[in-house]
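Note sheet for the following structure.
Here is how names work: the chains are called A, B, and so on, in the same order as the sequence lines, proteins then strands, and each is numbered from 1.
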Number of protein chains: 2
Amino acid sequence: MSRREAILERAVEVASEEGLEGLTIGRLSSELGLSKSGLFGHFGSKEELQLAAVDAASAIFFDEVVKPALKEPEGAPRLRVYCHGWVGYLEREVFSGGCFFAAAAAEFDGRPGPVRDRLRDGQGAWLDELAKQARVAGVEDPKQFVFEVHALVQGANARYQLFDEQDAFARARRAIERLLPA
Amino acid sequence: MSRREAILERAVEVASEEGLEGLTIGRLSSELGLSKSGLFGHFGSKEELQLAAVDAASAIFFDEVVKPALKEPEGAPRLRVYCHGWVGYLEREVFSGGCFFAAAAAEFDGRPGPVRDRLRDGQGAWLDELAKQARVAGVEDPKQFVFEVHALVQGANARYQLFDEQDAFARARRAIERLLPA
DNA sequence: CCTACCGATCGGTAGG
DNA sequence: CCTACCGATCGGTAGG
């Protein structure tokens, strides 16, 4: 693992807990035992560090949620594995502070710029892929389906993070089962 | 309107856009045309300012969503007005940066302390009230119902804030209609 | 990769 | 309510 990768591994963790703005160069460098300017040199600006953290988190999401479903045939089987994998990735606490993307989106949705754009494009691609599988699976209204599944998954994350409700994930799964094609 | 109320009106607005941590004393005081220490004196600490902003936002939520429903009889009629009022409050952009509470919860769910506690207690009381009306309305599983409605409303807010999808609110209403008792 | 520094801003205080 | 200040930390730069 390169030094840059080691920095980003920690950066993603910190950002999921404290937000992408709480990801300060001073804090991150002292935690990793290198100088501020040493860390800074890997990215060139705080914004580049934030963008790199978004990309690193996206790669983790791909490995944890998307990749395992690619063995399944397109349509209903893959859609089901996507949905349950999405809930499972939150339940397993892949990021210590909950869903990196939900936290980052809430933080940056009111701040126009490259970080917001990267978050929107990444989440957009994932939601489009879900809608595609829903269409192949014969779901009546794929966009409505994706809207509801997205809401339920994010709702479970929010409940778990703020209220420590362990059963939030089971509730999301139950509601999603009702939406999935039989 | 007292000076303190004027400060909090602006504080709630800023916090909904930039977060409760972005609510800096320096920024807020310069926007309002008074000195930092002048503003500081009204609250005593940044944390007290944040708590006061949460309370001010809660009062607005009560006026916008809860109060109009109190004319309706308990049970199904009041539940329906609660749910549609909740969506409507986001659609009307009562807070310029979207749902104050969703943003604040995402920001503070990983930071133990009085602000997180205040947010959790306030949202908890609202969700309990929804569950109570659902029970009176004869909803089969009131807790599951509230989980799903909460998710759908927050999902619409997230979609609208990040993707500018105008139809997110209509999608939430459609899904909620399917859950409400006939 | 480092030390040493820059101006700006942070939350907060002293004193009036 | 104000001016004037405190130490700490921010993102970032110079120079090696």
Side-chain angles (χ1 to χ4, degrees), chain A residues 1-56 103-104 107-108 110-119, chain B residues 1-56 103-104 107-108 110-119:
Chain A
M1 187 167 60
S2 72
R3 173 129 259 185
R4 193 174 193 272
E5 287 168 330
I7 293 168
L8 288 171
E9 188 175 305
R10 185 73 197 123
V12 166
E13 205 74 0
V14 170
S16 83
E17 291 166 18
E18 315 275 349
L20 276 168
E21 213 55 54
L23 195 65
T24 71
I25 291 165
R27 176 189 167 168
L28 197 57
S29 60
S30 76
E31 279 189 24
L32 291 164
L34 76 169
S35 69
K36 268 174 60 177
S37 68
L39 187 146
F40 189 86
H42 284 283
F43 304 97
S45 74
K46 179 169 185 181
E47 190 168 86
E48 288 296 331
L49 167 62
Q50 290 172 327
L51 289 168
V54 173
D55 291 343
E107 191 177 3
F108 276 84
R111 308 182 198 183
V115 177
R116 188 191 130 124
D117 292 347
R118 192 73 61 97
L119 289 165
Chain B
M1 185 169 60
S2 72
R3 172 129 262 185
R4 193 172 192 274
E5 287 169 330
I7 293 168
L8 286 172
E9 188 174 307
R10 184 73 197 122
V12 167
E13 205 72 3
V14 170
S16 84
E17 291 168 16
E18 315 274 349
L20 276 168
E21 213 56 54
L23 195 65
T24 70
I25 292 165
R27 177 189 166 169
L28 197 58
S29 61
S30 77
E31 279 188 24
L32 291 164
L34 76 168
S35 69
K36 268 174 57 178
S37 68
L39 187 145
F40 189 86
H42 284 283
F43 303 96
S45 73
K46 179 168 186 184
E47 189 168 86
E48 287 297 330
L49 167 62
Q50 291 173 327
L51 289 169
V54 172
D55 291 343
E107 191 177 3
F108 276 85
R111 308 184 199 183
V115 177
R116 188 191 129 124
D117 292 347
R118 191 75 60 99
L119 289 165

| said: I'd like to know if A:K46 and A:E21 make a salt bridge, using a cut-off of under 4.0 Å between side-chain N and carboxylate O. | reply: yes

Item to check | Residues A:R10 and A:E5 bridged, charged N to O under 4.0 Å | outcome: no

For nucleotides 9-16 of chain D, 5' to 3', base contacts (B), sugar-phosphate-only contacts (S) and non-contacts (-) with protein non-hydrogen atoms under 4.0 Å give -SBBB---

Identify the heavy atoms of [X] and [Y] that sit nearest to each other, and give their distance.
X     : Y     : answer
A:E48 : A:F43 : CB-O, 3.3 Å
A:L49 : A:A11 : CD1-CB, 4.4 Å
A:S35 : A:S29 : O-CB, 3.7 Å

Just verifying a value: how many Å separate A:L39 CG and A:S30 OG, rounded to the nearest 0.5 Å?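 Rounded to the nearest 0.5 Å, the CG-OG separation comes to 10.0 Å.
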
With sequence neighbours left out, the residues meeting side chain to side chain contact (heavy atoms under 4.5 Å, CB included) with A:E9 are A:M1

Those stems involving DNA chain D that have three or more consecutive Watson-Crick or G-U pairs, both distances under 3.5 Å, are C:1-16 with D:1-16

